[in-house]
**Q** 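Have a look at this one.
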2 protein chains.
Amino acid sequence: MAVTQKVDMDGKPRVVIMNVAMHLFGKQGFNGTSMRDIANAVGLLPGSLYAHIESKEALLLEMVTDGIGRFLAAVEPHVACSVSPLDRLRQMIIAHVEVVADNPERSQVVFHQWRFLSPEHLPEAIERRRRYETCFVEVIEEGVKAGLIKSDLNHRIAVLSLLGAMNWTPEWFSPDGRLGAAQVGDLMADTLLGGILS
Amino acid sequence: MAVTQKVDMDGKPRVVIMNVAMHLFGKQGFNGTSMRDIANAVGLLPGSLYAHIESKEALLLEMVTDGIGRFLAAVEPHVACSVSPLDRLRQMIIAHVEVVADNPERSQVVFHQWRFLSPEHLPEAIERRRRYETCFVEVIEEGVKAGLIKSDLNHRIAVLSLLGAMNWTPEWFSPDGRLGAAQVGDLMADTLLGGILS
DNA sequence: CGCGGTAACAAACATTTGTTTATTAGCAAG
DNA sequence: CTTGCTAATAAACAAATGTTTGTTACCGCG
């Protein structure tokens, strides 16, 4: 017997494990997910995972690093774009929602589980998150200088509100909902940018 | 010897334990916090906690239940208030931020750790969260009917953006920052409500 | 066939987990 | 002082944790 279920072992095993772990980390959290949970979901015994990965934290590290990377890759190109700051912001919001929509669970990990990285890897994750937020700060400040955005409200609060709304999207966005990512992003931009116009 | 350190046992022990646990759950998460962590921080041995509490989950349950209760108590009175829907929304946002400011760590537990309630207590927590969100939906819809709020943008997205921005506040709000809770709430209202005006 | 290497297995490892037990100190009231 | 109660301690519990070990099945290549 020994059925050797290669259940969904179509791709490279490491990728399969990463995807399964991403799903579980996103849903149950890093500390709420055991290696046995992962092994179980992937159709392996716990020890067998270590033929493909180095440690539990290595999984988290790759998820977070690569995850933030996707947001940066999607948003940063718009920062120095040649269109108006407001249009840039709108495009950045849409890009952000599209990354969330591509995999809401990964986004949950990126936004909530980075805390559980070891002290060794934590600082870099924090730094990259800060770099992401800076993208939005820069464009907003440029909009203020161009006279397109009110300067009488605290920019910091505006940015934090904007980012808060965006970072919360993985909590409710459903890839099989009626609205697609780009439409959701566009509507969010309507809501979020309307209040900062001058 | 047996120093019997009553470190900060000024109040009723159960309250002290709750506060310490709240701090730890908020910072490290429910699953990232052990009973030994709590005992350690409170100046007791692990087993001694059980003279005052029933279980680890009982701590979480009380935190979440009581926590949502504070948000409801602060916001619900404004829902059926007699002023304009927009002013109501503004007051609700301010009230929300004030509850967050009162104890950001508790808010983190309310917004992120409720998932780890046992299946027995989970449904009620979800229901109360839903009830909270409904407050905002109602007032916005009333604003639309009154012609004060644009009806051409998807209300659902507007509400989710609003709530997302608000639920994210415990992530960055500092009680000893330059701006007080009411001022932050007011500025957030400027940002978030500006975009939905008709 | 036989050989070699990859990746699975079964089993155990040392810790850590939440919680319980039996015992002892502290202290107010009789 | 003694009695009784509260709340602490020390120690242990079973279960779960991340990870390592030795061994066995598989599979392409000679």
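Proteins come first, then strands; the chains are lettered A, B, ... in the order of their sequence lines, and each starts at number 1.
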**Q** How are the rings of B:F111 and B:F71 set to each other: parallel, tilted or perpendicular (split at 30° and 60°)?
**A** tilted
**Q** Rounded to the Å, how far apart are B:N40 CG and C:dG18 P?
**A** 13 Å
**Q** Taking the six-membered ring of A:F116 as reference, does the cationic atom of A:K56 (NZ for Lys, CZ for Arg) lie under 6.0 Å from its centre and within 45° of its axis?
**A** no
**Q** Using atom CG of A:L44 as one end and atom P of C:dT6 as the other, report the distance to the nearest whole Å.
**A** 17 Å
**Q** Taking CD1 from B:I38 and C1' from C:dG18, how many angstroms apart are they, rounded to a whole number?
**A** 11 Å
**Q** Between B:E98 and B:R70, does any side-chain N to carboxylate O distance fall below 4.0 Å?
**A** no
**Q** Hey, is the side chain of A:H52 poking within less than 4.0 Å of OP1 or OP2 on C:dA8, counting only N and O atoms?
**A** yes
**Q** Using atom types as modelled and distance alone, determine if a side-chain donor or acceptor of B:R14 lies under 3.5 Å from a backbone N or O of B:H52.
**A** yes
**Q** Between B:W168 and A:H112, what is the ring plane arrangement, given parallel below 30°, perpendicular above 60°, and tilted in between?
**A** tilted
**Q** Let me know, please, whether A:L45 or A:A51 comes out on the 5' side of the other along DNA chain C by nearest nucleotide.
**A** A:A51
**Q** What is the per-nucleotide protein-contact pattern of nucleotides 17-22 of chain D, from the 5' end, where B denotes a base atom under 4.0 Å from a protein heavy atom, S denotes such proximity for sugar-phosphate atoms only, and - denotes neither?
**A** BBBB--
**Q** Rounded to whole Å, how long is the line connecting atom CZ of A:R14 with atom C1' of C:dA8?
**A** 18 Å
**Q** Which whole-number value in Å describes the distance from B:L59 CG to C:dG18 P?
**A** 11 Å
**Q** Please check if the side chain of A:E133 supplies one atom and the backbone of A:L163 the other of a donor-acceptor pair under 3.5 Å.
**A** no
